[in-house]
Student: 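After the structure tokens below, expect a handful of questions from me.
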Amino acid sequence: MECAGKGRGTRCIGPAKRRCGRCGAVGYCSVSHQISHWSAHKEECARLEQQMKHADALNAFPFTYCQEATVEICEKQVSRCSFLSKRGIHQVGMWMHECKCQPLTNSLEDLRFHNSWDLPRMLCPCRGPVSPISDHLSGWDDYYRWRHIPFHSPVALLLQWPMLIYHAIQITSARISTIGTSKELRVHYVGPEKELLQLPAFGELQALFPGMRMHIELVGPAVPEHRDGETIKVGGYARCSETNCDCKSTSSHESKSLNTAYDSTVILQLRRGCYHDIYRNISEESFPHLVVAPNAGIAAYSSWLPTIELIREMNVPAVFSDYCEEACHLAARCMNTVAGISFSLPIQLNPFRQPMAVEDSALLLPCYSNCFLFGI
């Protein structure tokens, strides 16, 4: 991490090895930078201290690689690259951007679809479920047991996206009138980035919502201009790496799973632009039952404010995620101060957060993709 006092007059003299003695969440390169930063840090220090007390809960996952993917990455004993390399998925297919080796912007312009988990069949959900889904999956433990996936499988790293949608629907179901009465569910998914290169993972929504027609509008400036307006009908599950698996026996079905030819239960629509700028055009075709915004960073981007105002006017439930509890707190303060909006869904830990820590985070707090949720 970088020094919290960076840019406050004098240059940093080295790495940020000196932690705040109270919260332990921020680091400094020197005593002088720590002193100069106190005027800004004192307001957040006690809050960060409380958040640091929850670190063990943030790092708690049912996976056999839990220690390696959480504490050891946070302490730089291992890297995301080494974690992926050890499992033979570094710089491969949908795993390409689970580390920083490959520039995301270049790949998004190309936006090629790789319809495989690149894992053996026992480690991934390449076929439909053996048993019907239970009424409610409460976390990764429930999901892996239901799908008969062993706990050493890393597939949760990519399944975080459909599981975010699943959990958002579960926690807002009281406000979604179509649940139980309709066969269609429309979700506006705002601000996608690297998941645009992992779209086959959204095929798991077929297992999570059997018999439901899922229409997902993926809206954001990261959608390449030449793919704007494209419809992708997901007709099957992403395949495993084994040539003799049952998932290959329906190759004619699966081969159409990422084009417009197959009438599927999961339909993905790509839309380029800021949500508030293009919403009117989208809503004429697909008014949402739910808005989902992954890793939103509301306090960091002023472009969110007109979108927040719009969602309030729409009067539909919206669920946002972010990398840490502090980011959610800053979002709450920003939305309340600027727009007078309070959360209807309080800040809460996402049981389906990605189970691998973010490297080089701005805070010493453990940070995970889709870690905390809140909603309006």
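Position 1 is the first residue of the sequence; numbering continues from there. What you see is a predicted model; the values in this text were computed from it and never measured.
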Student: Answer with yes or no after comparing the ring centroid distance for Tyr275 and His188 against a 6.0 Å cut-off, counting only values under it.
Tutor: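 Aromatic pair counts; centres sit under 6.0 Å.
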Student: Could you check if a side-chain atom of Leu268 sits within less than 4.5 angstrom of a side-chain atom of Thr231, using non-hydrogen atoms only?
Tutor: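 Contact flag for Leu268/Thr231 side chains = no.
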Student: Can you confirm if the NZ or CZ of Arg271 lies within 45° of the ring axis of Tyr279 and under 6.0 Å from the centre of its six-membered ring?
Tutor: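 Cation-pi check for Arg271 and Tyr279: fails.
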Student: Ignoring hydrogens and angles, tell me if any N or O in the side chain of Ser82 forms a donor-acceptor pair with the backbone of Val78 under 3.5 Å.
Tutor: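 Such a contact is absent between Ser82 side chain and Val78 backbone.
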Student: Quick check: do Trp146 and Val130 have side-chain heavy atoms less than 4.5 Å from each other?
Tutor: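 Counting from C-beta outward, Trp146 and Val130 never come under 4.5 Å.
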Student: Output yes when a side-chain donor or acceptor of Arg312 lies under 3.5 Å from a complementary backbone atom of Ile308, and no otherwise.
Tutor: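 Such a contact is absent between Arg312 side chain and Ile308 backbone.
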Student: For Trp95 and Leu84, indicate whether the former's side chain and the latter's backbone hold a donor-acceptor pair under 3.5 Å.
Tutor: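 Between the backbone of Leu84 and the side chain of Trp95 there is no qualifying donor-acceptor contact (under 3.5 Å).
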Student: How far apart are the closest heavy atoms of Trp304 and Ala293, and which atoms are they?
Tutor: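 Shortest heavy-atom separation between Trp304 and Ala293 comes out as CH2-CB, 3.5 Å.
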Student: Step by step, work out the side-chain contact (heavy atoms from CB on, under 4.5 Å) result for Thr70 and Phe61.
Tutor: CA-CA 9 Å; Thr70 61; Phe61 294 98; 3.9 Å; yes
Student: Please confirm whether the backbone N or O of Arg127 pairs with a side-chain atom of Arg239, one donor and one acceptor, at under 3.5 Å?
Tutor: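 Not a single qualifying donor-acceptor pair exists.
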Student: Would you say Lys6 and Cys29 make side-chain contact, with heavy atoms under 4.5 Å?
Tutor: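 The answer is no; the side chains never approach within 4.5 Å.
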Student: Is a side-chain N or O of Asp277 found less than 3.5 angstrom from the main chain of Gly273, in a donor-acceptor match?
Tutor: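 Not a single qualifying donor-acceptor pair exists.
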Student: Quick one, Phe372 with Phe320, criterion ring-ring contact (aromatic ring centres under 6.0 Å, His included). Give me CA distance, side-chain angles, the key distance, then yes/no.
Tutor: CA-CA 8 Å; Phe372 280 88; Phe320 304 83; over 10 Å; no
Student: Quick one, Arg18 and Ser30 - any side-chain contact, counting heavy atoms below 4.5 Å?
Tutor: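 In short, these two side chains do not touch, never coming nearer than 4.5 Å.
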Student: Regarding Asp360 and Lys76, does a basic nitrogen lie under 4.0 Å from an acidic carboxylate oxygen?
Tutor: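 Result for this pair is yes, salt bridge flagged.
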Student: Are the side chains of Ser241 and Trp117 in touch, meaning some heavy atoms are under 4.5 Å apart?
Tutor: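 Side-chain contact under 4.5 Å: no.
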Student: Looking only at non-hydrogen atoms, find the nearest pair between Cys240 and Cys245 and report the distance.
Tutor: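 In this case the closest contact between Cys240 and Cys245 is SG-CB, 3.5 Å.
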Student: Can you tell whether the side chains of Arg147 and Glu204 come within less than 4.0 Å, N to carboxylate O?
Tutor: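 The answer is yes: the pair qualifies as a salt bridge.
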Student: Would a distance-only check, ignoring hydrogens and angles, find a side-chain to backbone donor-acceptor pair under 3.5 Å from Glu359 to Arg80?
Tutor: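 Yes, because the side chain of Glu359 sits within donor-acceptor range (under 3.5 Å) of the backbone of Arg80.
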Student: Is there a chain of hydrophobic side chains (I, L, V, M, F, W, Y, each step under 4.5 Å between heavy atoms) that links Tyr143 to Met122?
Tutor: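 Hydrophobic grouping puts Tyr143 with Met122.
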Student: With a 4.0 Å cut-off on N to O distance, would you call Glu217 and Arg186 a salt bridge?
Tutor: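 The answer is no: the pair does not qualify as a salt bridge.
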Student: Using atom types as modelled and distance alone, determine if a side-chain donor or acceptor of Ser321 lies under 3.5 Å from a backbone N or O of Leu373.
Tutor: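 Side chain of Ser321 to backbone of Leu373: no pair is present.
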Student: Check for me, please, whether Leu364 and Val358 land in the same ILVMFWY cluster - side-chain distances under 4.5 Å, paths through other members count.
Tutor: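 Each belongs to a different hydrophobic cluster.
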Student: For the aromatic rings, using the six-membered ring if either is Trp, is the centroid distance between His152 and Phe63 under 6.0 Å?
Tutor: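 Centroid distance His152-Phe63: not below 6.0 Å, so no.
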Student: Whether the Gln51 and Glu326 side chains hold a donor-acceptor pair (N or O, under 3.5 Å, no angle test) is what I'd like checked.
Tutor: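 Gln51 vs Glu326: donor-acceptor pair found between side chains.
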Student: Applying side-chain contact (heavy atoms from CB on, under 4.5 Å), run through Cys371 and Leu58 and close with a yes or a no.
Tutor: CA-CA 8 Å; Cys371 189; Leu58 300 186; 4.2 Å; yes
Student: Is the backbone N or O of Glu193 less than 3.5 Å from a side-chain atom of Glu195, with the two atoms forming a donor-acceptor pair by type?
Tutor: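 The answer is yes, because a donor-acceptor pair under 3.5 Å joins these two groups.
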Student: Please give me the minimum heavy-atom distance between Cys12 and Cys3, naming the atom from each residue.
Tutor: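 That closest heavy-atom pairing would be SG-CB, 3.5 Å.
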Student: Heavy-atom count check: over 12 atoms from other residues, nucleotides or ligands less than 6.0 Å from Gln170 CD?
Tutor: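 Enclosed: over 12 neighbouring heavy atoms sit under 6.0 Å from CD of Gln170.
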Student: In terms of relative ring orientation, are Trp140 and Tyr144 parallel, tilted or perpendicular, with 30° and 60° separating the classes?
Tutor: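 Trp140 and Tyr144: perpendicular rings.
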Student: Tell me, yes or no, whether the heavy-atom count around Tyr301 atom OH, taken from other residues, nucleotides or ligands under 6.0 Å, exceeds 12.
Tutor: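 No, because the 6.0 Å sphere around OH of Tyr301 holds 12 heavy atoms or fewer from other groups.
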Student: Could you check Phe151 against Asp141 for side-chain contact (heavy atoms from CB on, under 4.5 Å), going step by step and ending with a plain yes or no?
Tutor: CA-CA 8 Å; Phe151 287 100; Asp141 186 272; 3.6 Å; yes
Student: In terms of hydrophobic clustering (I, L, V, M, F, W, Y; side-chain heavy atoms under 4.5 Å; direct or indirect links), are Val92 and Leu123 co-clustered?
Tutor: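 No, Val92 does not connect to Leu123 through the hydrophobic network.
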Student: For the residue pair Met94 and Pro200, what are the closest heavy atoms and their distance?
Tutor: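 Of all heavy-atom pairs spanning Met94 and Pro200, the closest is SD-CD, 3.7 Å.
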Student: With a 4.5 Å cut-off on side-chain heavy atoms, are Cys324 and Tyr368 touching?
Tutor: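 The answer is no; the side chains never approach within 4.5 Å.
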Student: Under the 3.5 angstrom rule, does the side chain of Gln206 hit a backbone N or O of Gly236 as a donor-acceptor pair?
Tutor: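 Answer holds: yes.
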Student: Less than 3.5 Å apart, which donor and acceptor atoms pair up between the side chains of residues 154-168 and the rest of the protein, not counting sequence neighbours?
Tutor:
unit_1 : atom_1 : unit_2 : atom_2 : d
Gln160 : OE1    : Ser369 : OG     : 2.7
Gln160 : OE1    : Asn370 : ND2    : 2.8
Gln160 : NE2    : Leu157 : O      : 3.3
Trp161 : NE1    : Gln198 : OE1    : 2.7
Tyr166 : OH     : Leu137 : N      : 2.8

Student: Under a 4.0 Å N-O cut-off, is there an ion pair linking Glu325 with Arg47?
Tutor: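 Between Arg47 and Glu325 there is no salt bridge, as every charged N stays at least 4.0 Å from the carboxylate O atoms.
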Student: Group every Ile, Leu, Val, Met, Phe, Trp and Tyr by side-chain heavy-atom contacts under 4.5 Å, then state whether Ile35 and Leu48 land in the same group.
Tutor: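 They do not share one cluster, since no chain of ILVMFWY contacts under 4.5 Å joins Ile35 to Leu48.
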Student: Looking at OG1 of Thr307 and CE of Met314, how far apart are the two atoms once the value is rounded to the nearest 0.5 Å?
Tutor: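 Result: 10.0 Å between the selected atoms.
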Student: Does a side-chain N-to-carboxylate-O contact under 4.0 Å join Lys194 and Glu98?
Tutor: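 Here Lys194 pairs with Glu98 in a salt bridge, since their nearest N and O are under 4.0 Å apart.
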Student: State, yes or no, whether a side-chain contact exists between His41 and Cys20 at a heavy-atom distance under 4.5 Å.
Tutor: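 They are in contact (side-chain heavy atoms under 4.5 Å apart), so the answer is yes.
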Student: Check the hydrophobic clustering (I, L, V, M, F, W, Y; side-chain heavy atoms under 4.5 Å; chains of links allowed) and say if Met96 and Leu196 are grouped together.
Tutor: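 No; Leu196 is not reachable from Met96 via cluster members.
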Student: Considering non-hydrogen atoms only, spot the tightest contact between Cys101 and His90 and give its length.
Tutor: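 For Cys101 and His90, the tightest heavy-atom pair comes out as SG-NE2, 3.4 Å.
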Student: Could you list the donor-acceptor pairs under 3.5 angstrom formed between side-chain atoms of residues 334-347 and any protein atom two or more places apart in sequence or on another chain?
Tutor:
unit_1 : atom_1 : unit_2 : atom_2 : d
Asn336 : ND2    : Ser342 : OG     : 3.4
Thr337 : OG1    : Arg333 : O      : 2.7

Student: Does Glu68 form a salt bridge (Lys or Arg N to Asp or Glu O under 4.0 Å) with Lys86? I'd like the steps, not just the answer.
Tutor: CA-CA 11 Å; Glu68 179 187 2; Lys86 185 176 178 180; 3.8 Å; yes
Student: List the steps, then state whether side-chain contact (heavy atoms from CB on, under 4.5 Å) holds for Val266 with Phe209.
Tutor: CA-CA 10 Å; Val266 178; Phe209 298 98; over 6 Å; no
Student: Taking all non-hydrogen atoms of both residues, which atom of Pro366 and which atom of Asn59 are closest, and how far apart?
Tutor: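 Closest pair (atom of Pro366, atom of Asn59, distance): CB-OD1, 3.6 Å.
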Student: Does atom CG (Asn244) have a neighbourhood of more than 12 heavy atoms from anything else shown, all under 6.0 Å?
Tutor: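 Yes, CG of Asn244 has more than 12 neighbouring heavy atoms, counting only those of other groups under 6.0 Å.
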Student: Under 4.5 Å between any side-chain heavy atoms of Leu205 and Ile216, yes or no?
Tutor: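 Of all side-chain heavy-atom pairs linking Ile216 with Leu205, at least one is under 4.5 Å.
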Student: Got a donor-acceptor contact below 3.5 angstrom from the Tyr65 side chain to the Ser153 backbone?
Tutor: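 Yes, Tyr65 side chain to Ser153 backbone: donor-acceptor pair under 3.5 Å.
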